[in-house]
Chemist: 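Below is one structure. I have some questions about it.
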Amino acid sequence: MPDGPFKESLGRLYCVKTEAETVDALAEPISDREQGVLELIAKGLSNQEIADKLHISLHTVKTHARRINAKLEVKSRTQAIVRARELGIL
């Protein structure tokens, strides 16, 4: 749908945030790699499964998960998924 007053009104009516509002909601944006890790977390994969799938170390996955939680201002994987969905990241 093209940008315009109608789209903005629908967004307000249904509490849908625009991409600009999503970016503004985070002090630091989610990187592409963190986005990939977040998507796999949302699919229910364990840290080890994510590491194997992305061909990175378990430590690196844990670091990405910790940074994701910090950026989304949450304390758990479940909260991260919920917050990311609220912001339209997932």
Side-chain angles (χ1 to χ4, degrees):
M1 177 180 293
D3 290 334
F6 180 70
K7 184 175 180 180
E8 290 173 18
S9 296
L10 280 177
R12 282 194 302 276
L13 179 65
Y14 291 103
C15 300
V16 176
K17 295 185 182 220
T18 65
E19 188 175 327
E21 291 170 325
T22 299
V23 172
D24 292 341
L26 297 177
E28 188 176 350
I30 302 287
S31 72
D32 290 340
R33 181 57 102 173
E34 290 166 346
Q35 178 71 33
V37 170
L38 181 59
E39 289 171 5
L40 294 174
I41 288 172
K43 289 183 178 181
L45 274 66
S46 69
N47 285 345
Q48 186 62 60
E49 291 169 327
I50 294 169
D52 294 342
K53 188 168 186 73
L54 298 178
H55 306 289
I56 58 178
S57 73
L58 178 60
H59 181 268
T60 302
V61 174
K62 290 179 180 180
T63 298
H64 287 312
R66 189 174 60 251
R67 289 182 179 163
I68 290 165
N69 287 354
K71 290 177 180 183
L72 295 176
E73 300 177 342
V74 298
K75 294 183 180 183
S76 73
R77 294 163 76 95
T78 304
Q79 289 175 337
I81 294 165
V82 170
R83 178 80 171 128
R85 286 186 177 145
E86 288 173 350
L87 293 172
I89 297 170
L90 280 177

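Quick note: numbers below take in every heavy atom, side chains included, and nothing from hydrogens, waters or symmetry partners. Each residue takes its place number in the sequence, starting with 1.
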Chemist: What distance separates Leu38 CG from Arg77 CZ, expressed to the nearest 0.5 Å?
Modeler: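 Going from CG on Leu38 over to CZ on Arg77, the span is 10.0 Å.
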Chemist: Which pairs with one or both residues in residues 44-53 pass salt bridge (charged side-chain N to carboxylate O under 4.0 Å, His left out), sequence neighbours excluded?
Modeler: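 Listed by first then second residue: nothing to list.
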Chemist: With clusters defined by side-chain heavy atoms of hydrophobic residues (ILVMFWY) lying less than 4.5 Å apart, directly or transitively, does Ile41 cluster with Val82?
Modeler: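 The answer is no; the residues belong to distinct hydrophobic clusters.
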Chemist: To the nearest 0.5 Å, tell me how far Ile56 CD1 sits from His64 NE2.
Modeler: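 If we round to the nearest 0.5 Å, Ile56:CD1 and His64:NE2 are 4.5 Å apart.
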Chemist: What residues form a side-chain contact (heavy atoms from CB on, under 4.5 Å) with Leu58, not counting sequence neighbours?
Modeler: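 Result, side-chain contact (heavy atoms from CB on, under 4.5 Å) vs Leu58: Asn47, Gln48, Lys62.
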Chemist: Quick one: do Val61 and Leu54 satisfy side chain to side chain contact (heavy atoms under 4.5 Å, CB included)? Show the steps, please.
Modeler: CA-CA 9 Å; Val61 174; Leu54 298 178; 5.7 Å; no
Chemist: With Val74, which residues qualify under side-chain contact (heavy atoms from CB on, under 4.5 Å), at least two apart?
Modeler: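 In terms of side-chain contact (heavy atoms from CB on, under 4.5 Å), with neighbours along the sequence ignored, Val74 is linked to Asn69, Leu72, Gln79, Ala80, Arg83.
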Chemist: Among residues two or more places apart or on two chains, list those pairs meeting salt bridge (charged side-chain N to carboxylate O under 4.0 Å, His left out) that have a residue in residues 30-44.
Modeler: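 Salt bridge (charged side-chain N to carboxylate O under 4.0 Å, His left out) check on residues 30-44 returns Glu34-Lys71.
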Chemist: Can you name the side-chain hydrogen bond (donor to acceptor under 3.5 Å, both in side chains) partners of Ser57, sequence neighbours left out?
Modeler: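 Result, side-chain hydrogen bond (donor to acceptor under 3.5 Å, both in side chains) vs Ser57: Thr60.
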Chemist: Would you compute the distance between atom CD of Gln35 and atom CD1 of Ile68 and round it to the nearest 0.5 angstrom?
Modeler: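 The CD1 atom of Ile68 is 8.0 Å from CD of Gln35, to the nearest 0.5 Å.
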